[in-house]
Asker: 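Input: one structure, supplied below.
Note: hydrogens, waters and symmetry copies are ignored here, and every other heavy atom, side chains too, is used. These numbers come from a predicted model, not from an experiment.
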Amino acid sequence: MNENGDETTTAGAGPRVDWDAAAADFDDEPDHGLRDPDVRRAWAARLASWLPARPGDLLDLGCGTGSLSLLASEQGHRVTGVDLSPAMVERARAKLAGRDAVFLAGDAAAPPVGEQRFDTVLVRHVLWTMPDPGRALRHWRQLLRPGGRLVLVEGVWGTVTPVGIPAGTLTDLLAPLAARVRVERLSDDPALWGREVADERYAVVALPG
């Protein structure tokens with residue numbers, strides 16, 4: 001995802017991107033490929049704090065090349081990843097080869113998982129691109145087992161023509177869906193991004209109750 005996009009974009013009106021073409025160098029971004037050990041450790045620690053302590057079934061929507069899926073798998077979770085791009089899915093399958101993980105090509109807003117339910121739905125930098133974020137959130141809530149949680153990593157990127165979804169907008173959308181919502185600011189931790197950042201980056205953990 002272009003986190004410094006030049007297009008004027010608000011939540012639900014993401015720019016058109018050829019994600020199959022982007023797959024080849026997607027992992028070059030520090031927070032995408034997690035190749036730097038410090039960046040990887042930072043994301044692993046955050047993910048461990050957001051996910052249930054007990055290993056369970058995790059749905060990674062808009063999984064990209066599977067970097068967060070891999071961290072979740074290493075922490076004991078059984079992963080199902082979904083991405084619209086078949087090229088991204090192939091890279092995720094290769095990255096998690098031999099692990100308890102399944103990757104499917106499909107729409108994150110309506111993932112092709114049938115009647116399967118999950119302990120966690122994890123979504124990073126995807127919701128803001130959707131035409132109807134509220135509808136997607138409602139559907140994702142239905143994919144949770146009792147006691148499950150939504151883990152959403154979002155932000156507003158760029159300063160001249162910012163793109164993304166502000167934390168306040170997302171918490172408003174979650175208000176009717178979750179009994180508890182925790183917002184965690186991520187902008188102040190350069191280890192997550194491989195550099196200092198000045199824009200709004202955050203995670204939300206929502207517990208429907």
Asker: Mind listing the closest non-hydrogen atom pair of Leu58 and His77 along with its distance?
Answerer: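 For Leu58 versus His77, the nearest heavy atoms are CB-CB, 4.4 Å.
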Asker: Report the C-alpha separation of Asp57 and Arg145 in whole Å, then their side-chain angles, then the decisive distance to 0.1 Å, and conclude whether the salt bridge (Lys or Arg N to Asp or Glu O under 4.0 Å) test is met.
Answerer: CA-CA 10 Å; Asp57 294 306; Arg145 293 182 178 132; 2.8 Å; yes
Asker: Using only atom types and a distance under 3.5 Å, with no angle test, would you say the side chain of Gln75 pairs donor to acceptor with the backbone of Ala44?
Answerer: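 Looks like yes, one N/O pair under 3.5 Å.
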Asker: What closest approach, in Å, do Ala23 and Ala87 show between heavy atoms, and which atom pair accounts for it?
Answerer: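 Taking every non-hydrogen atom into account, CB-CB, 3.8 Å.
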Asker: Could I get the full list of side chain to side chain donor-acceptor pair (under 3.5 Å) partners for Arg138, not counting sequence neighbours?
Answerer: none
Asker: Go through Leu137 and Leu170 one step at a time and tell me if the side chain to side chain contact (heavy atoms under 4.5 Å, CB included) criterion holds.
Answerer: CA-CA 10 Å; Leu137 289 169; Leu170 181 49; 3.9 Å; yes
Asker: Carefully, step by step, assess Leu144 and Val121 under the rule side chain to side chain contact (heavy atoms under 4.5 Å, CB included).
Answerer: CA-CA 7 Å; Leu144 292 173; Val121 172; 3.7 Å; yes
Asker: On a heavy-atom basis, which atom in Pro30 and which in Gly194 lie closest, and how many Å separate them?
Answerer: CB-CA, 4.2 Å
Asker: If you define the side chain from C-beta out and look only at heavy atoms, does anything of Arg99 sit under 4.5 Å from Leu70?
Answerer: yes
Asker: Give a yes or no on whether Leu177 and Val123 share a hydrophobic cluster (residues Ile, Leu, Val, Met, Phe, Trp, Tyr; joining criterion: side-chain heavy atoms under 4.5 Å apart).
Answerer: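 Cluster IDs for Leu177 and Val123 match.
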Asker: With no hydrogens and no angle check, is any side-chain donor or acceptor of Ser187 less than 3.5 Å from a backbone partner on Asp199?
Answerer: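 Answer holds: yes.
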Asker: Under the side chain to side chain donor-acceptor pair (under 3.5 Å) test, which residues partner Glu184, sequence neighbours left out?
Answerer: Arg46, Trp50, Arg182
Asker: Hey, are the side chains of Pro162 and Val156 touching, using non-hydrogen atoms and a 4.5 Å cut-off?
Answerer: yes
Asker: Passes side chain to side chain contact (heavy atoms under 4.5 Å, CB included), Val204 versus Leu150? Steps please.
Answerer: CA-CA 8 Å; Val204 171; Leu150 297 173; over 6 Å; no
Asker: I need the His32 NE2 to Asp25 CG distance, nearest 0.5 Å.
Answerer: 10.5 Å
Asker: Report the distance from atom OG1 of Thr80 to atom CG of Asp100, rounding to the nearest 0.5 Å.
Answerer: 8.5 Å
Asker: What closest approach, in Å, do Pro112 and Val82 show between heavy atoms, and which atom pair accounts for it?
Answerer: CD-CG1, 3.9 Å
Asker: Show the nearest heavy-atom pair for residues Asp119 and Gly56, with the distance to one decimal.
Answerer: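 Closest pair (atom of Asp119, atom of Gly56, distance): OD2-CA, 3.3 Å.
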Asker: What is the minimum heavy-atom distance between Pro111 and Leu59, and which atoms define it?
Answerer: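 Of all heavy-atom pairs spanning Pro111 and Leu59, the closest is CG-CD2, 4.2 Å.
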Asker: Which residue, Val79, Leu34, Asp60, forms the side chain to side chain contact (heavy atoms under 4.5 Å, CB included) with Leu71?
Answerer: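 Of the listed residues Val79, Leu34, Asp60, the side chain to side chain contact (heavy atoms under 4.5 Å, CB included) partner of Leu71 is Leu34.
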Asker: Is a donor on one side and an acceptor on the other found under 3.5 Å between the side chain of Trp43 and the backbone of Leu192?
Answerer: yes
Asker: Would a 4.5 Å heavy-atom cut-off, applied to side chains only, mark Ile165 and Leu173 as touching?
Answerer: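 Yes, side chains in contact.
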Asker: Can you tell me how far apart CG (Leu152) and OG1 (Thr171) are? Round to the nearest 0.5 Å.
Answerer: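 Reported value, rounded in 0.5 Å steps: 11.0 Å.
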Asker: Side chain to side chain contact (heavy atoms under 4.5 Å, CB included) between Lys95 and Ser67: does it pass, once the steps are laid out?
Answerer: CA-CA 8 Å; Lys95 193 175 288 187; Ser67 294; 2.9 Å; yes
Asker: To the nearest 0.5 Å, what is the distance between CG on Leu122 and CH2 on Trp140?
Answerer: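 It comes to 10.0 Å.
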Asker: Working to the nearest 0.5 Å, report the span between OG of Ser69 and CZ of Arg124.
Answerer: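 Interatomic distance, Ser69 OG to Arg124 CZ, rounded to 0.5 Å: 10.0 Å.
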Asker: Is a donor on one side and an acceptor on the other found under 3.5 Å between the side chain of Glu200 and the backbone of Pro166?
Answerer: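 Checked: no pair found.
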Asker: Given the rule that I, L, V, M, F, W and Y join up when any side-chain heavy atoms are under 4.5 Å apart, are Leu143 and Leu104 in one cluster?
Answerer: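 Yes, one cluster joins them.
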Asker: Indicate if Val113 and Met130 have the same hydrophobic cluster label, given that clusters are the connected sets of ILVMFWY residues with side-chain heavy-atom separations under 4.5 angstrom.
Answerer: yes
Asker: Checking Arg93 side chain against Phe103 main chain: does a donor-acceptor pair fall under 3.5 Å?
Answerer: yes
Asker: Roughly how far apart are Arg91 CZ and Leu96 CG, rounded to 0.5 Å?
Answerer: 14.5 Å
Asker: For the pair Trp193 and His125, name the ring-plane relationship: parallel under 30°, tilted 30 to 60°, perpendicular over 60°.
Answerer: parallel
